[in-house]
Amino acid sequence: MKAWKLTPGGGIEGLILLDLPEPVAGPGEVLIRVRSTSLNYRDLLMTRRNRHPIIPLSDGAGDVVAVGSGVAAFAPGDRVTSCFFKSWTDGEGTPEDTSESFGGNRLDGMLAELVALPESAVIHMPPHMNYDEAATLPCAALTAWNAMYVQARLTPGQSVLLLGTGGVSIAGLQLAAIGGVRSIITSSSDAKLERARALGADHTINYHEREDWERAALDATGGRGVDAVLEVGGAATYPKSMAATRFGGMVTLIGALAHEGGDPGTAPMLGRGLKAARIFVGSRRQFQDMNRALTLRKVHPVVDRAFSMDEAAEAFRCLESQAHFGKIVIRV
Ligand SMILES: NC(=O)c1ccc[n+]([C@@H]2O[C@H](COP(=O)([O-])OP(=O)(O)OC[C@H]3O[C@@H](n4cnc5c(N)ncnc54)[C@H](OP(=O)(O)O)[C@@H]3O)[C@@H](O)[C@H]2O)c1
């Protein structure tokens, strides 16, 4: 079978397409014919930093072709996606639950024609989605769901601030729309903001034109501040995210897209009684909860571009360029 592997420290140039032996479904495992995979910012980091020559990507969707002994919940023909973590099925998530994720460290990921996953790391696709759409869910969308509806417990009429128009933020925008949550989204591009408005964004801010975007976010909430921020920027955006948040609101700590800047400091958190929650994607149970909501409202995740298996390196370069809106997929 065809599969891509990364070369430790090799970056995108180090990705190589190989012909590998086909895996089989062992006891408790599900063998999946992968149809589509999606890229996350993390996967770029893995091409540079991972120490083992693994198959990359945490996210994939496809068809079950065989099941091992003891597997009861899946049968050949089922349309499924991978989970991000190998064994975080439910609960708050222990260090053990979150120690192994697909496409990281020693654990092979989804950029292969066939993969054998433990039953506990497989979930049925929302029936209304195609493979490309379902492949966007395991990391970015679940992260946004966990931040908004599990940690920040947003309710209809509350507000969320979304930074940029990458995978996590656009999933957050779509999840805000179905939850009746007011969305305020930033971008470096007016064209992307126009697309965000078409998806239902209530308020848009160009963060290149408005360096004081936190002020614009405050204005959008009548000076009160947002109820929650999906903080994907890190050190360079964190102080402004805190400033844009209401008294007692929540900053969910997700990513580090913007590295420049020093220690953001915690003074505003203390002074304004803010809460922070470190997000680590989410559990299989949360994934099921999210899929129920997406299925009810027939949400179609935003796939910006689809590449072929042979074009995988090009797909990674596209993600790196940050020209995308939402998600990039590779069809296997
Ligand atoms: N903790 C977790 O569980 C978890 C899960 C998923 C992702 N993450 C992290 O979350 C971050 C986002 O991941 P992703 O996959 O959504 O990334 P992505 O799709 O690659 O996001 C890229 C977009 O981010 C925006 N951006 C970049 N720098 C920005 C800045 N200074 N201010 C505002 N927006 C900025 C840009 O949007 P515009 O082009 O519109 O300006 C860019 O197109 C990454 O750091 C990732 O590692 C963490």
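When reading the values below, keep in mind they use all heavy atoms of this one structure, side chains included, and skip hydrogens, waters and symmetry mates. Both counts, for ligands and for their atoms, begin at 1 and track the order of listing.
Inclusion of Leu45 in the set of residues having an N or O under 3.5 Å from an N or O of ligand 1 is not warranted. On a distance-only criterion, Ile279 and ligand 1 share at least one N/O pair closer than 3.5 Å. Polar contact check, Ala258 against ligand 1: no nitrogen or oxygen pair lies under 3.5 Å apart.
With a 4.0 Å heavy-atom cut-off, ligand 1 is reached by the side chain of Arg278 but not by its N, CA, C or O. The parts of Ser188 lying near ligand 1 are both backbone and side chain, judged by heavy-atom distances below 4.0 Å. At a 4.0 Å heavy-atom cut-off, ligand 1 touches Cys139 through the side chain alone. Only the side chain of Lys192 comes within 4.0 Å of ligand 1, judged by heavy-atom distances. Contacts between Val168 and ligand 1 below 4.0 angstrom, taking non-hydrogen atoms only, involve backbone and side chain alike. If you look at Tyr207 next to ligand 1, the close heavy atoms, those under 4.0 Å, all belong to the side chain.
Between Leu39 and Ile330, the closest side-chain pair of non-hydrogen atoms falls below 4.5 Å. For the pair Pro27 and Ser69, the minimum side-chain heavy-atom distance is below 4.5 Å. A heavy-atom distance below 4.5 Å is found between the side chains of Pro23 and Leu31.
Taking the ring centre of Tyr131 as origin, the terminal cationic atom of Arg79 falls inside the region bounded by 6.0 Å and 45° from the ring axis.
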- Query: Does the pair Glu133 and Met125 meet the rule for a side chain to side chain contact (heavy atoms under 4.5 Å, CB included), with working shown?
  - Reply: CA-CA 9 Å; Glu133 292 166 342; Met125 276 172 51; over 6 Å; no
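Taking the six-membered ring for Trp, Phe85 and Phe280 have ring centres closer than 6.0 Å.
At a 4.0 Å cut-off, at least one heavy atom of His324 sits close enough to ligand 1 to count as contact. Taking a 4.0 Å cut-off on heavy atoms, Ser189 fails to register as neighbouring ligand 1.
Across His203, Arg246, Arg182, a single residue satisfies side-chain contact (heavy atoms from CB on, under 4.5 Å) together with Ser159, and that is Arg182.
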